[in-house]
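Working notes for the structure below.
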Number of protein chains: 2
Amino acid sequence: MGVKINMNGEKRLEQARERVIDAISQNMHLYGVTESVGRLYGALYFQEGPMTLDEMKEELGMSKTSMSTSVRNLVDLKMVDKVWRKGVRKDLYQAEYDWYQTFTDFFTIKWRAGVSINVSAMEKSLGELRLLMEDEQVDEHIKESAQIDIQKITAALEYYDWLNRLVDSFESQEIFKLVPKKQ
Amino acid sequence: MGVKINMNGEKRLEQARERVIDAISQNMHLYGVTESVGRLYGALYFQEGPMTLDEMKEELGMSKTSMSTSVRNLVDLKMVDKVWRKGVRKDLYQAEYDWYQTFTDFFTIKWRAGVSINVSAMEKSLGELRLLMEDEQVDEHIKESAQIDIQKITAALEYYDWLNRLVDSFESQEIFKLVPKKQ
DNA sequence: AAATATGTACAGAAAAAACTGTACGGAGTG
DNA sequence: CACTCCGTACAGTTTTTTCTGTACATATTT
C-alpha cells in the first residue's frame, strides 16, 4: 500500500486554517490576550455561522467553563457578538469580521482604561505636590524635587490628552482620512 | 504626644510619586508588561539622572538578576536607554522621557511583529487554498469552504496592509498632523 | 598576573494565571 | 409545579511565569 499522495481535501483545508488560527492567536497574545482566547477567536472567525459553547468546547477540546469565560472575554473586547436565532435556546456567538472595527474597539477599550487610571492618579498627585510647594514648613530642596515632578507629571498629562484625542480619531473614523483603508 | 499633623515633606513627595508609579505600572500591565517592569520604569522616570542596577535593586527591593532582566526588557522596548558617564564603571540606565516617542516605538515594535507573523502565515495558507481550488480531485463542497476562507484571508491581508501603513504614519510622525501634540 | 567588580545564564523556588469539575441558580418546557 | 437544560461561580489543580541565589565569564584595577 503506497503513501497517499494527494492529501484529502478536508485535511488540507483544515491545515491551512490551523496555520492562520495559530498566527492570529500568537498575534493576539502580543496584545495581552491569552493564547486560548486567541484560538477561540480564530475558530469563530473561520466557522461559518455562530457557535454554541458546546460546539466551542468540542472544537477546542476544552472545558465548557473555559469556553464561557473565554468567550465573555472576547465579547468584552467586542471581538465577538452574542447573536440570537429563532428557536435556538443556547447562546450563540459570532466573530466580528471587520478587523478595522475590531482594532478600533480593542484599542479604544484598552487605551481609555489606561488613560483614565493614569490621569486620575496624576491629577491627585499634582494637587498634593502643589500644596506642598506652598507649604512654608517644607524644606527647600524637597520643593526643588517636587517642582521637577510637577513638570514631569504635567508633560505626562499632555501626552494622555493626546492619546485621548488619538482614540477619538479612531472612534470617529477620521483616522481613515490619514491612513485610508485601501491603498 | 499628639499626632503629627504636617507630614514630613519628603514623605509627602514620596507618596505622590508612588501613586503615579503605581498607575504607570498598572497601565503598562494592560499592554502586557509585567508590573515589576512597570514599577521599574516608574522609578527611573522619577529618578533624577540615570540609575545603576544596584540602585534599582535597592529602590525596588528586588534581586539584581531581576533588575538586569527587567531593564533589558525596557531597553528592548526603547523605554529606557543605556547611558554612559565618564568615570562610572557600572552600567547606567535612564528613562526615555518623551512618551510620544515611547508610544510610537512600543506599538511599532509590537504591531510590526504581529503583522509579519500573520501575513506570512496567511500568504502560505492562501497559496495552499488556491492550489486546492484547482485540484480536480477535491470535493466540491470542500472547495466552497475553501473559497470562503480565501475571501476571509484576503480581507485580513488588506487589514494588515492598512495596519502597516498606520505604523508608517507613526514612525514618520505624520500622525501628529491628524492629531497634533498640543490641543 | 592576581585580585576585585560587574552583569547575566541557569536551575530551582515562589507566585500568578489558566484550566477543570462540581454545584447551583435561573430560564424554558411539559 | 416538576423536570430538563444551560451558563457560570467557585474551589482546587495544573501549568506558566516571575523571581531569586549561585556560579561564572568578562572587564577593570592593583
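Throughout, a chain's letter reflects where its sequence line sits, starting with A, and its residues are numbered from 1.
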For each nucleotide in nucleotides 14-30 of chain D, reading 5' to 3', give B when a protein heavy atom comes within less than 4.0 Å of its base, S when such contact involves only the sugar-phosphate, and - otherwise. ----SSBBB-----SS-
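- A donor-acceptor contact shorter than 3.5 Å links the side chain of B/S169 to the backbone of B/L166.
- The interatomic distance linking B/E55 (CD) with C/dG7 (P) rounds to 11 Å, in whole Å.
- Atom CG of B/L92 is separated from atom C1' of C/dA5 by 15 Å (rounded to the nearest Å).
- Atom pair A/K90:NZ and C/dA27:P shows a separation of 19 Å (rounding to whole Å applied).
- With rounding to whole Å, A/L53 atom CG is found 16 Å from D/dC5 atom P.
- Both tests pass for A/K181 against the ring of A/Y100: distance under 6.0 Å to the centre and angle within 45° of the axis.
- Atom-to-atom distance recorded for A/I117:CD1 and B/L30:CG is 5.0 Å, nearest 0.5 angstrom.
- A 6.0 Å sphere centred on NZ of B/K78 holds no more than 12 heavy atoms belonging to other residues, nucleotides or ligands.
- Which of D/dG7, C/dG7, C/dA9 sits closest to the side chain of B/R72 comes down to C/dA9.
- Protein atom NZ of A/K57 is 12 Å distant from nucleotide atom C1' of D/dC6, rounded to whole Å.
- The neighbour count for A/E58 CD, taken as heavy atoms of other residues, nucleotides or ligands under 6.0 Å away, does not exceed 12.
- Straight-line distance from the CG atom of B/D54 to the P atom of C/dA5: 12 Å, rounded to whole Å.
- Annotation: side chain of A/I153 is in contact with side chain of B/F46 (closest heavy-atom distance under 4.5 Å).
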